[in-house]
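Notes to accompany the following structure.
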2 protein chains.
Amino acid sequence: MAQNVAQGDSPAQGQPARPDLAAMLVPLGRALMAAEQPILNAQGLTMWAYTVLLHLDEKPIRTQSALAEAIRADKTRIIAVLDALEARALIHRQPDPEDRRARLLSLTPEGRLLRDRVQYAIQQGEERLLALLPAEEREGFLRGLRTLSALPDLTLE
Amino acid sequence: MAQNVAQGDSPAQGQPARPDLAAMLVPLGRALMAAEQPILNAQGLTMWAYTVLLHLDEKPIRTQSALAEAIRADKTRIIAVLDALEARALIHRQPDPEDRRARLLSLTPEGRLLRDRVQYAIQQGEERLLALLPAEEREGFLRGLRTLSALPDLTLE
DNA sequence: TATTGTTATACTCTATAACTATA
DNA sequence: TATAGTTATAGAGTATAACAATA
């Protein structure tokens with residue numbers, strides 16, 4: 001942006017060198033989600049259900065609230081999702097013997113299998129998309145995206 | 001992903017080398033939007049209003065429907081937004097003399113000024129964020145993001 | 001009759017509040 | 001009394017359908 005600063009002592013604005021990040025990221029994210037939808041539909045999964053499968057795979061979780069927080073959802077919102085996943089035997093959901101208020105959540109073998117298959121299909125499609133970028137640009141994009149999305153909380157101040 | 005393919009003749013899945021793109025892009029986009037909110041609030045702008053100002057700046061538009069389509073919004077959804085912007089004299093909105101059904105939309109000087117100020121503040125914040133990335137990674141990220149977000153329509157098939 | 005913009009309505013998604021059960 | 005989970009309700013955001021003006 002430095003080369004675009006206005007010359008005078010005016011507020012130093014001038015033409016932006018690029019669109020706003022959010023103006024690029026948000027529509028791209030939405031388009032990508034829409035493109036994944038057919039793959040999820042084919043397996044009878046909603047986006048929330050797939051998100052749950054992804055987060056349970058990393059490690060089992062002791063309470064539904066913790067899961068909800070991890071995927072940035074309201075705890076009331078994932079209940080129907082868990083109901084459906086449990087009914088299809090894709091997850092285990094048992095009262096913790098040591099504190100029967102809590103529900104131990106984990107993937108069943110079938111859940112893991114389905115999760116792997118779906119993620120493989122999605123990432124294969126993504127790779128085709130990324131193949132449009134020159135190798136160096138692709139690497140930078142992925143590394144930068146991973147770094148930024150791993151930041152605990154963003155502020156622009 | 002190639003180095004992660006399973007060894008047998010099984011479905012060739014194995015552990016993914018990275019999270020799904022959408023699983024990184026969507027939360028990052030949301031976090032960025034949330035971070036921009038205080039800047040917009042300070043100027044009494046909603047995200048939709050700011051989006052309208054950005055798109056009108058590129059060039060005036062002849063119909064509201066065209067604007068709505070350009071920013072991927074429903075035509076009924078932007079009406080209240082245009083009402084508010086017009087009431088603050090940030091945009092012009094006149095019936096086209098040649099076809100009085102259409103409304104010619106353009107920025108007023110004040111609208112352009114406000115848009116520039118807000119965008120400058122937002123992009124300054126973004127630059128602080130991008131400064132967390134090594135220079136090379138930052139460049140790749142921005143170039144890749146611009147390329148991908150410029151694609152007309154994504155499919156994973 | 002078709003198109004632009006608008007208004008009224010319905011629907012979807014999400015969050016808040018109230019309730020049950022365990023502790 | 002406090003916490004995990006659930007259910008019922010209300011709210012925001014969005015889209016669909018019906019309408020008025022213009023062509």
Side-chain angles (χ1 to χ4, degrees), chain A residues 22-23 26-27 29-31 33-34 36-37 40-41 44-52 55-56 59-87 90-106, chain B residues 22-23 26-27 29-34 36-37 40-41 44-52 55-56 60-87 90-106:
Chain A
V26 172
R30 286 198 186 136
M33 268 181 56
E36 290 176 6
Q37 205 62 64
L40 295 174
N41 289 344
L45 291 174
T46 64
M47 186 62 68
W48 281 118
Y50 178 56
T51 305
V52 166
H55 276 261
L56 280 183
K59 52 178 177 294
I61 293 187
R62 211 186 65 85
T63 73
Q64 297 182 184
S65 302
L67 171 62
E69 192 183 344
I71 64 178
R72 288 166 158 142
D74 192 274
K75 66 171 181 171
T76 63
R77 209 161 69 194
I78 62 170
I79 290 178
V81 177
L82 296 177
D83 288 347
L85 290 174
E86 193 185 17
L90 298 173
I91 63 169
H92 286 304
R93 188 201 210 176
Q94 304 161 319
D96 181 347
E98 297 184 359
D99 180 349
R100 309 235 321 280
R101 292 173 301 182
R103 302 277 178 275
L104 300 172
L105 300 171
S106 58
Chain B
V26 172
R30 288 199 184 134
L32 219 48
M33 270 182 55
E36 291 176 6
Q37 205 62 63
L40 295 174
N41 289 345
L45 291 175
T46 63
M47 187 61 68
W48 280 118
Y50 178 56
T51 305
V52 165
H55 271 78
L56 280 183
I61 292 188
R62 212 185 64 86
T63 73
Q64 296 182 184
S65 301
L67 171 61
E69 192 184 344
I71 65 178
R72 290 168 158 141
D74 192 275
K75 65 171 181 173
T76 63
R77 207 160 70 194
I78 63 171
I79 290 177
V81 176
L82 297 177
D83 288 346
L85 290 173
E86 192 184 18
L90 298 174
I91 63 169
H92 287 305
R93 187 203 210 177
Q94 305 160 318
D96 181 346
E98 296 184 359
D99 179 348
R100 310 233 324 278
R101 291 172 303 182
R103 302 276 177 276
L104 300 172
L105 300 170
S106 59

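Lettering of chains follows the sequences in order, A, B, ..., and the numbering in each one begins at 1. Values below: every heavy atom of this structure, side chains too, minus hydrogens, waters and symmetry copies.
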When the distance from [atom1] of [X] to [atom2] of [N] is rounded to whole Å, what number comes out?
X: A:Arg103; N: D:dA4; atom1: CZ; atom2: P; answer: 12 Å
X: B:Ile78; N: C:dT4; atom1: CD1; atom2: C1'; answer: 12 Å
X: B:Glu69; N: C:dT3; atom1: CD; atom2: C1'; answer: 15 Å
X: A:Gln64; N: D:dA4; atom1: CD; atom2: C1'; answer: 8 Å
X: A:Leu82; N: D:dT6; atom1: CG; atom2: C1'; answer: 12 Å
X: B:Asp96; N: C:dT3; atom1: CG; atom2: C1'; answer: 13 Å
X: B:Gln94; N: C:dT4; atom1: CD; atom2: P; answer: 19 Å
X: B:Gln37; N: D:dA12; atom1: CD; atom2: C1'; answer: 14 Å

What nucleotide among D:dG5, C:dT6, C:dA23 has an atom nearest to a side-chain atom of A:Arg100?
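Closest of the options to the side chain of A:Arg100: C:dA23.
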Selection from D:dT16, D:dA4, C:dT4 that lies nearest to any side-chain heavy atom of B:Arg101:
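So the side chain of B:Arg101 is nearest to C:dT4.
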Taking only N and O in the side chain of B:Arg77, is any of them less than 4.0 Å away from OP1 or OP2 of D:dA15?
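It does, given that an N or O in the side chain of B:Arg77 lies less than 4.0 Å from OP1 or OP2 of D:dA15.
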Should A:Trp48 be listed as having a side-chain N or O under 4.0 Å from OP1 or OP2 of C:dC13?
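No, no such contact exists.
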Using side chain to side chain contact (heavy atoms under 4.5 Å, CB included) as the criterion, point out the one residue from B:Leu67, B:Leu45, B:Val52, B:Thr51 that pairs with B:Val81.
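Exactly one pass, corresponding to B:Val52.
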Taking the nucleotide of DNA chain D with the nearest heavy atom to each, does A:Ala66 or B:Asp74 sit closer to the 5' end?
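Closest to the 5' end, via its nearest nucleotide, is A:Ala66.
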On DNA chain C, compare the nucleotides closest to B:Arg93 and A:Thr76; which residue's is nearer the 5' end?
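The residue whose closest nucleotide sits nearer the 5' end is B:Arg93.
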Output the distance between atom CD (B:Gln37) and atom CG (B:Leu32), rounded to the nearest 0.5 Å.
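Rounded to the nearest 0.5 Å, the CD-CG separation comes to 12.0 Å.
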So B:Asp99, base contact, sugar-phosphate only, or nothing? Heavy-atom distance under 4.0 Å.
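Contact class for B:Asp99: sugar-phosphate only.
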Do [X] and [Y] make a side-chain contact, defined as non-hydrogen atoms from C-beta onward lying under 4.5 Å apart?
X: A:Arg101; Y: A:Thr63; value: no
X: B:Leu82; Y: B:Glu86; value: no
X: B:His92; Y: B:Leu104; value: no

